[in-house]
Structures are given as structure tokens and as C-alpha cells.
Protein chains: 2
Amino acid sequence: MLSALGHDGRLAIFRLLVKAGPQGVAAGQIARTLDVLPNSLSANLNILAHAGLIASRREGRSIIYSADYGAMSGLLGFLMEDCCNGAPEICSPLTAVLARVEGCGPACAPKSPA
Amino acid sequence: MLSALGHDGRLAIFRLLVKAGPQGVAAGQIARTLDVLPNSLSANLNILAHAGLIASRREGRSIIYSADYGAMSGLLGFLMEDCCNGAPEICSPLTAVLARVEGCGPACAPKSPA
DNA sequence: CTTATATTTCGAGAATAATGGAAATATGGA
DNA sequence: TCCATATTTCCATTATTCTCGAAATATAAG
């Protein structure tokens with residue numbers, strides 16, 4: 001997953017998909033938005049999907065891609081536990097980040113642009 | 001940073017340094033612990049350092065490498081904010097992770113192996 | 001000043017990844 | 001069936017990264 005995200009284009013794709021929400025975005029629209037060739041995009045979508053970071057579903061002629069929240073959460077959890085185990089200086093600021101985004105919790109509105 | 005960590009060997013190095021704490025580990029000992037050639041290690045340490053994830057200091061004949069907690073915290077913060085903005089499903093489990101590592105906070109013991 | 005230890009730098013070869021054009025597949029509609 | 005749209009697959013080229021041996025640098029000690 002880290003190497004999949006360690007690529008400007010793929011990170012941009014993933015960010016776009018996360019911001020788009022669970023409904024996802026069609027491949028063609030991703031290509032237009034990010035101004036990349038459809039075949040390059042397809043290859044990168046494949047890499048992200050193979051890493052488990054995104055999912056896809058067909059809808060008519062389009063194929064809709066969406067971020068896999070669980071996977072990203074798992075990745076962050078792995079990094080945090082792997083890091084915090086012995087390094088509270090890493091996690092401490094993260095509680096502040098979580099507090100700032102504040103919408104994070106079982107009882108929050110799905111979309112509240114800060 | 002993501003691409004620096006998106007490499008098995010470098011991730012192993014970084015994890016080792018995080019676990020070692022602020023005192024750091026000498027390059028030679030890293031090489032022995034992870035069983036990698038010293039020149040390969042040096043190249044990877046360079047990549048991690050250039051990404052800002054680790055720092056180095058000379059100590060006698062050895063060069064001691066240590067994890068940069070602030071950089072890792074910043075990376076996680078970026079990922080969390082970039083992701084949570086609109087995706088509480090990602091952050092929600094992370095509060096649980098933070099609660100589990102529990103040592104994370106201004107007033108916690110620096111080392112409490114769970 | 002020579003020797004030993006620790007680490008880096010250099011350089012070449014191999015492996016891997018990225019890019020982009022062109023063709024192929026899949027779906028929907030006339 | 002035929003055409004248009006959407007996406008993928010195939011392929012070759014280029015670029016980047018990885019790996020490892022050998023030499024170079026830096027520090028310490030006798």
C-alpha cells in the first residue's frame with residue numbers, strides 16, 4: 001500500500017476518490033479531472049486496486065472506482081501502532097489532528113467541509 | 001516519504017529505528033540486525049534521510065541513525081487530514097488505535113511495552 | 001604514520017516501473 | 001447488426017530503482 005501511494009499520480013487518484021466519497025468516480029472522469037491518459041490511469045487504478053486501497057464496480061458503460069476506507073484505516077492503524085509502540089511523540093500530535101477533524105466518530109455528519 | 005517507506009528494506013529500517021528510540025542505532029548494527037550489505041544500507045539510509053524520516057549524527061567511528069518522530073507524525077497527520085476530510089469512516093477506528101496505544105499523550109511514560 | 005574499523009561513494013549490470021500509442025473488449029443505443 | 005462511448009490490454013520504449021563488488025573516506029588506536 002505504501003508503495004502504491006508513493007507515486008504522485010496514484011496519490012492524486014486516491015485523494016480524489018477519498019474526497020469523492022463512497023459513491024466513487026468513473027474512470028473517465030478521473031482521467032479528465034487529473035488530465036492523464038486513460039491507459040496510464042487504468043494501470044494506476046489497477047495498482048491501487050491490487051493494493052486493496054480502492055474498489056471498482058461497473059455501472060453501465062462506466063467503471064466506478066471508490067476508495068476503500070477500511071484499507072486506508074488499516075494502513076494508518078498499522079503505521080500508528082508500529083510507530084507509537086515506544087514513540088508517544090508521534091501519536092501525541094495525532095490526537096490533536098483527530099480532534100481537529102472532529103467529524104471522526106460514529107456519530108458525526110458524513111460531510112462537513114471545514 | 002511514502003515512496004521512501006514503500007520499500008520493504010527501508011520500512012524495516014525505519015521500524016527498527018522507531019523501536020530503538022531517540023538514541024538511535026549505528027549503521028553497522030542496523031546492517032547486522034537486518035542482514036543487509038553495508039552499501040545497500042547506506043543507500044537506503046540516504047533515501048530515508050533525504051525524505052526527512054531519519055536523522056544522523058556521528059559518534060566516534062560510528063554514524064548513529066534515529067527516526068524523526070516529527071516527520072512521521074506530520075506524514076500521518078497529512079494522511080489523516082487528507083483522508084478524514086469527508087471520510088470519518090477512516091478516522092473513527094483510529095481513535096480506537098490511539099486509545100489502545102494509550103501511552104500517547106504529553107503525560108505518559110516513554111516506554112511501556114504492551 | 002601505519003593499521004583496523006565504520007561507513008560511504010563509485011560504477012556497472014539487472015530488475016522494475018512508468019509512459020504512451022494502438023488495438024481489443026464491453027456496454028448501450030439506433 | 002452497426003455505431004459510439006468507456007475502459008482495458010498489449011506492446012515497445014524510456015526512465016528509474018535496486019543490487020552488489022570494489023575502492024575511497026573518516027575516525028580511532030598503537
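Note: hydrogens, waters and symmetry copies are ignored here, and every other heavy atom, side chains too, is used. So that the names make sense, note that chain A is the first sequence line, chain B the second, and so on, each numbered from 1. Because the structure is a prediction, the values reported are computed rather than measured.
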Item to complete: With the side chain counted from C-beta on, respond yes when B/E81 and A/V97 share a heavy-atom pair under 4.5 Å apart, and no when they do not.
Response: yes
Worksheet item: How about A/Y65 and A/V25: do any of their side-chain heavy atoms sit closer than 4.5 Å?
Response: no
Response to the item:
Residues passing the side-chain contact (heavy atoms from CB on, under 4.5 Å) test with B/S73, sequence neighbours excluded, are A/I90, A/P93, A/L94
Practice prompt. List in chain and number order the residues that pass side-chain contact (heavy atoms from CB on, under 4.5 Å) with B/L34, two or more places apart in sequence or in another chain; answer none if no residue qualifies.
Written response: B/A12, B/I13, B/L16, B/I30, B/V36
Nearest-0.5 Å distance, [atom1] of residue [X] to [atom2] of residue [Y]:
X: A/M1; Y: B/L5; atom1: CE; atom2: CG; value: 14.5 Å
X: B/L76; Y: B/Y69; atom1: CG; atom2: OH; value: 13.5 Å
X: B/E89; Y: A/D68; atom1: CD; atom2: CG; value: 10.0 Å
X: B/C84; Y: A/R100; atom1: SG; atom2: CZ; value: 11.0 Å
X: B/M72; Y: B/L17; atom1: CE; atom2: CG; value: 12.0 Å

Worksheet item: To the nearest 10 degrees, what angle separates the axes at the start and end of the helix from C/dC1-D/dG30 to C/dA30-D/dT1, five pairs each?
Response: 20°
Worksheet item: Can you pull the contact range of chain A along DNA chain C, 5' to 3', using atoms under 4.0 angstrom from its heavy atoms?
Response: C/dA18 to C/dG28
Discussion item. Hydrophobic clustering (ILVMFWY, side-chain heavy atoms < 4.5 Å, transitive) - are A/L37 and A/L11 grouped together?
Written reply: no
Please tabulate, for the side chains in residues 43-62 of chain B, all donor-acceptor contacts under 3.5 angstrom to protein atoms that are two or more places apart in sequence or on a different chain.
{"unit_1": "B/N44", "atom_1": "OD1", "unit_2": "B/R10", "atom_2": "NH1", "d": "3.0"}
{"unit_1": "B/R57", "atom_1": "NE", "unit_2": "B/E59", "atom_2": "OE1", "d": "3.2"}
{"unit_1": "B/R57", "atom_1": "NH1", "unit_2": "B/Q23", "atom_2": "O", "d": "3.3"}
{"unit_1": "B/R57", "atom_1": "NH2", "unit_2": "B/Q23", "atom_2": "O", "d": "2.9"}
{"unit_1": "B/R57", "atom_1": "NH2", "unit_2": "B/E59", "atom_2": "OE1", "d": "3.4"}
{"unit_1": "B/R58", "atom_1": "NH1", "unit_2": "B/G60", "atom_2": "O", "d": "3.3"}

Item to complete: Output all residues satisfying salt bridge (Lys or Arg N to Asp or Glu O under 4.0 Å) with B/D82, sequence neighbours left out; order by chain, then residue number.
Response: A/R15, A/K19
Discussion item. I need the CG-P distance between A/L37 and D/dC10, as an integer number of Å.
Written reply: 19 Å
Worksheet item: Contact class for B/A31 (heavy atom, under 4.0 Å): base, sugar-phosphate, or nothing?
Response: nothing
Fill in: Test side chain to side chain donor-acceptor pair (under 3.5 Å) applied to B/Q29 - qualifying residues, sequence neighbours left out
none
Item to complete: Mind running a 4.0 Å heavy-atom check of residues 38-47 of chain A against DNA chain D and sending the residues that fall below it, in number order?
Response: A/P38, A/N39, A/S42
Item to complete: Within residues 1-16 of chain A, find the residues that approach DNA chain C with a heavy atom at under 4.0 Å, and present them sorted by residue number.
Response: A/H7, A/R10
